[in-house]
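One structure is given here, and the rest of the page talks about it.
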Amino acid sequence: MLNIELQSAGLLMLVVTLVIFLGQKSLDLRSRTLYFRALLSNILCVGLDIVSIIAIDAKHHGTFPVVWTDAICKLYIMSLCLQAYLGFRYAAGEFFGVNSHRILRIIYTGWLFAGWALMALLPISTYIEGRVVYSYGPSTLAAYAFTIPFIISTIVMAFVVKDQVSNRRRRAILVWQGVWLAAAVGQLLLPELLLVGFASCFGMVILYAELENPHEGIDRMTGQFTVNALGDYVRDCIARKKQFASLHIRIEQLTQLSELETTRTIMLRASAFLEGCNNAYLFREADDEFVLVFPKPEMLDREYRRISDGLADAIQVPVRVGFIVIPNSSILLNADEFFRVNHHLAAETEAREMIVVNAKVMEDVRKYSVVRDMILTALEDGRVEVYYQPVYDVIKDRFTSAEALVRIRDLDGSIIPPATFIPIAEENGMIVPLGLEVFTQVCDFLATGKPQMLGIERIEVNVSVAQFDRENPYTFVRRIMAERNIPPQMINLEITETYSAATKQILLRNMQKLIDYGVHFSLDDFGTGRSNLDYFIQMPVDIVKFDYTFVQNYFVSDKARAVLESSIELIHRMHLSVVAEGIETEEQLEAMKSLGVEYIQGFYFSRPIPMESFENFLLEHNFAEEEFEKLSGKY
């Protein structure tokens, strides 16, 4: 009996894998094409291995010509080299797609053809004794000489491109090559085992299961591609300079029915309708979002009209549908921009049915990304600074508090205006780490004891509602203060943004914990619409801060004057204090005093200033001349 059991089993595994591979829903990815080529070469290699064993046995019995036997054996070892080459190409992925690396691809391809030529020209011999059957000789040695560099290069490539591939992909490739090498060593020691062919088959099956199995990228509920598959496809297209168009679809339900049941119904109906786009790939990006990607950008216009006209009716549940259209991917510099633009514009789809991404939109997105990266590097490099704006206490006739304001120092040493980064930080969540850094620096300042010596009773620190939603502020506020022995009454936390119904209870619960600990709260930006009467009635604050615009309007509008005066009366009846921000002249100062405002803040006294300048300001304004001279000697 011929020794072909393992090869036959391996060939069967490969054929089954090929059938499944071709029958599954899939994307047109470069990695899939490379795997398909490697799989076919593996089938060819194992098939020739079996045929060569049969031919050697037939030659031994005198029933098959020697010339044809040698030719088949050479074809087998040449296919082995081809398999190693295509395996290397698969491991390299898009590495050779970069212009600077294409010369390497030419070198490796030339190495393959040179090896083939040498194998074809050199003689080959065969051996058979019982079940031990193999070929040997100069041609076979050449095959080893030309194949081993491909295997070594594949292993090296798994580490060279580690920044471009996941740990899972690298691990699978290394296991594949490791199994192949182990089998080669085993077959060298025990030639009758003929392990190499089966090991290569086993490795290809591992690669399919780990890396090319499309079920990994299929959403279980809708049967459409997942956001991970979307990322793979977009990166692949941009790397190959293959243009596409996309339609990002956001579906907001307008019903109060069971959320889980209704969401499932909406998404399944939407999926079924959108699947009718035969010229596009459909991805489920989030719970309420789909993305259609058109490999041919010109197909977008026709399909958009059909979808915009019929999607809401197909869902049969009250919904609001918003669209983000990227007419051509050539507007994108990289795959990250594809996701950034959708994330950046997602909220706008609530107010606008369709947003078309053009050069101006991309400019805004890139600016958004630059600012985000600037904040990250500033946090990492220690270029986030705290400026202090003094707050005048009308009753005590001195400066007893200050508002801590975040600033970022640019690489050239200049201060970046807060209007440049604060709105973006609030939008993308970077306000959370910025707020934490500011709070830490304020506590470090208080820990020196200098502010207290200079008359400061508290420092006001802005806290984003996002910090209450994403973190446990009670934990980090108490930890930072306890580590520095800061009395809790020295901190006043300012809350600005409105909150969602889901955030409200979390916000109030955490505020109460901090109040019980001894921290005070104030409501910032009152009069802007962001912080209103209902807002501060709900919240346990001690101080209400009138916004700059609200205060300035008092001096130019009778209606604004009436509203501000009534607001002060109402706030005082609730036993809360008022801070008037934006005071710039002595006339404005006296007007606020006459209305009973307890605290005044504005450029009339000082702009926000660095810590050392703030200390000097307090020395100069909070103390009489003799006290000033005594304290000045300590600084």
Side-chain angles (χ1 to χ4, degrees), residues 14 18 21 28-49 52 71-124 135 138-165 169-170 172-174 176-181 184 196-197 199-201 203-204 207-208 211-212 235-242:
L14 292 180
L18 178 63
F21 179 81
D28 179 21
L29 299 175
R30 177 66 173 167
S31 63
R32 176 179 168 84
T33 301
L34 292 172
Y35 178 81
F36 180 59
R37 292 174 182 174
L39 181 60
L40 289 180
S41 73
N42 200 178
I43 291 173
L44 174 65
C45 183
V46 176
L48 286 172
D49 189 11
S52 68
I72 291 172
C73 289
K74 286 185 177 183
L75 284 174
Y76 163 60
I77 60 175
M78 291 169 70
S79 70
L80 195 64
C81 191
L82 174 64
Q83 184 188 350
Y85 168 75
L86 292 176
F88 168 65
R89 288 291 308 277
Y90 176 73
E94 295 300 327
F95 182 78
F96 289 134
V98 180
N99 287 330
S100 59
H101 299 147
R102 287 179 179 171
I103 187 66
L104 284 176
R105 184 179 66 185
I106 295 173
I107 291 173
Y108 275 102
T109 304
W111 180 262
L112 172 67
F113 283 108
W116 278 355
L118 199 58
M119 292 173 218
L121 292 173
L122 291 174
I124 191 168
S135 58
S139 184
T140 303
L141 291 176
Y144 278 110
F146 280 86
T147 299
I148 288 175
F150 287 130
I151 297 175
I152 294 174
S153 296
T154 301
I155 295 172
V156 171
M157 189 59 64
F159 292 98
V160 170
V161 297
K162 63 181 181 180
D163 294 333
Q164 303 173 33
V165 301
R169 181 181 179 84
R170 183 166 59 253
I173 290 171
L174 291 175
W176 169 39
Q177 294 298 303
V179 168
W180 204 3
L181 281 175
V196 172
S200 65
C201 300
M204 291 302 293
L207 287 183
Y208 177 77
L211 305 179
E212 299 300 329
R235 282 188 290 271
D236 185 83
C237 286
I238 291 178
R240 295 162 64 183
K241 295 181 172 55
K242 182 180 177 182

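Nothing fancy with the numbering, it's 1 onward along the sequence. Computed from a predicted structure; not experimentally measured.
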| query | Is there a side-chain contact between Leu174 and Ile155, using heavy atoms and a 4.5 Å cut-off? | reply | yes
| query | So, Tyr85 versus Thr109: side-chain donor-acceptor pair below 3.5 Å or not? | reply | yes
| query | Quick one: do the Tyr90 and Ser31 side chains pair a donor with an acceptor below 3.5 Å? | reply |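 The criterion, which ignores hydrogens and geometry beyond distance, is not satisfied for Ser31 and Tyr90.
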To the nearest 0.5 angstrom, please state how far the [atom1] atom of [X] sits from the [atom2] atom of [Y].
X: Ser52; Y: Ile72; atom1: OG; atom2: CD1; result: 8.0 Å
X: Leu40; Y: Ser79; atom1: CG; atom2: OG; result: 12.5 Å
X: Gln83; Y: Asn42; atom1: CD; atom2: CG; result: 4.0 Å
X: Lys74; Y: Ile124; atom1: NZ; atom2: CD1; result: 6.5 Å
X: Leu14; Y: Ser200; atom1: CG; atom2: OG; result: 7.0 Å
X: Ser139; Y: Leu122; atom1: OG; atom2: CG; result: 6.0 Å

What is the minimum heavy-atom distance between [X] and [Y], and which atoms define it?
X: Pro123; Y: Pro138; result: O-CD, 3.5 Å
X: Leu75; Y: Leu48; result: O-CD1, 3.6 Å
X: Ile77; Y: Ala143; result: CB-CB, 3.8 Å
X: Thr147; Y: Ala84; result: CG2-CB, 3.5 Å
X: Tyr108; Y: Ser153; result: OH-OG, 2.9 Å
X: Trp176; Y: Met204; result: CZ2-SD, 3.9 Å

| message | Cation-pi check for Phe150 against Arg89: NZ or CZ below 6.0 Å from the six-membered ring centre and within 45 degrees of the axis, yes or no? | response | no
| request: Tell me, please, which residues at least two apart from Arg235 pass salt bridge (Lys or Arg N to Asp or Glu O under 4.0 Å). | output: Asp232
| For the residue pair Phe21 and Phe36, does the interplanar ring angle fall in the parallel (under 30°), tilted (30 to 60°) or perpendicular (over 60°) class? | parallel
| Thr33 and Arg37: side-chain contact (heavy atoms from CB on, under 4.5 Å), yes or no, with the steps? | CA-CA 6 Å; Thr33 301; Arg37 292 174 182 174; 3.8 Å; yes
| request: Could you tell me whether the side chain of Asp236 and the main chain of Arg30 form a donor-acceptor pair under 3.5 Å? | output: yes
| query | Hey, mind stepping through Phe146 and Leu112 against side-chain contact (heavy atoms from CB on, under 4.5 Å) and telling me if it holds? | reply | CA-CA 7 Å; Phe146 280 86; Leu112 172 67; over 6 Å; no
